[in-house]
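These notes are about the structure you will find just below.
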Amino acid sequence: MPKSYWLMKSEEDVYSIRDLERDGKTSWEGVRNYEARNLMRDKMRVGDEVLFYHSNATPPGVAGLARIARKGYPDPFAFDEKSRYFDPRSHPDEPRWFMVDLEFVEAFPRMVSLEELRSTPGLGEMVLWKRSRLSIQPVTREDFGIIRKLGLRS
DNA sequence: GCCAACGTTGGC
DNA sequence: GCCAACGTTGGC
């Protein structure tokens, strides 16, 4: 099974690539969108590569790379009444929400802004353009390669 | 802070 | 099952 590529968004001031670098690894709790849930639950595999995207940032864009460290499993925060991610409709025996674990790969020496993504030839088919609000989206191997190269170029 | 886009909820 | 109301995302 070849690996897959993803783009995952995080608000920069909530959890940034630097936070992931510090932690080394983190769990991706709190996703409450069914399509994103399905991708984590059904499609992501350990070793898949991730573009770590800063949303609500100035500027927004891809800030680095991460990797899937654990495949989809029930989001325990949905069961925790004290959590802001609590959802009474999710039960341990029939969990509604799933998450994955993510590990740090690298922070780009140069973040690739949304504007740059827009103006880069070859990236015209990204899911980002049509499904801009989806916080977890598939990326083609080719697009991943283009963006990685842009980010690592100093 | 504004607001367009769009996913979700709930009445019917 | 439709669809209006509502809430959230995320760029600007």
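Numbered from 1 within each chain, the chains take letters A, B, ... in sequence-line order. Values reported hereafter were calculated over all heavy atoms of this structure, with side chains retained and with hydrogens, waters and symmetry mates removed.
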Could you check how far [atom1] of [X] sits from [atom2] of [N], rounded to whole Å?
X        : N      : atom1 : atom2 : value
A:Leu128 : B:dA5  : CG    : C1'   : 14 Å
A:Arg133 : C:dG11 : CZ    : P     : 12 Å
A:Met8   : C:dG10 : CE    : P     : 12 Å
A:His54  : C:dG11 : NE2   : P     : 12 Å
A:Ile136 : B:dG7  : CD1   : P     : 15 Å
A:Glu115 : C:dC12 : CD    : C1'   : 12 Å
A:Asn38  : B:dG7  : CG    : C1'   : 13 Å
A:Trp129 : B:dC6  : CH2   : C1'   : 18 Å

Reckon [X] has a side-chain N or O less than 4.0 Å from the OP1 or OP2 of [N]?
X        : N      : value
A:Tyr53  : C:dT9  : no
A:Lys9   : C:dT9  : no
A:Arg118 : C:dC12 : yes

Note to self: Which residue in the set A:Glu142, A:Arg148, A:Arg141 passes side chain to side chain donor-acceptor pair (under 3.5 Å) when paired with A:Tyr5?
What the structure shows: A:Arg141

Out of [options], which has the shortest distance to the side chain of [X]?
X       : options               : answer
A:Ser55 : C:dC12, B:dG7, C:dG10 : C:dG10
A:Arg89 : C:dG11, C:dG10, B:dT9 : B:dT9
A:Asn56 : B:dT8, B:dC6, C:dG11  : C:dG11

Margin query: Under 4.0 Å between a side-chain nitrogen and a carboxylate oxygen: does that hold for A:Asp75 and A:Arg32?
Written below: yes

Next item on the list: Remember a base hit wins even if backbone is also touched, and classify A:Arg32 as base, sugar-phosphate or nothing at under 4.0 Å, heavy atoms.
Entry: nothing

Note to self: At 4.0 Å (heavy atoms only), tell me whether A:Thr58 reaches a base, stays on the sugar-phosphate, or touches nothing.
What the structure shows: nothing

Note to self: For the backbone of A:Leu123 and the side chain of A:Trp129, can you confirm whether one donor and one acceptor N or O come within less than 3.5 Å of each other?
What the structure shows: yes

Item checked: Candidates A:Tyr85, A:Phe86, A:Trp28, A:Tyr34 - the one meeting ring pair (Phe, Tyr, Trp, His ring centres under 6.0 Å) with A:Trp97 -> A:Tyr34

Next item on the list: Report yes or no: do A:Glu115 and A:Ser113 form a side-chain donor-acceptor pair below 3.5 Å?
Entry: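 Distance-only check fails for A:Glu115 and A:Ser113.
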
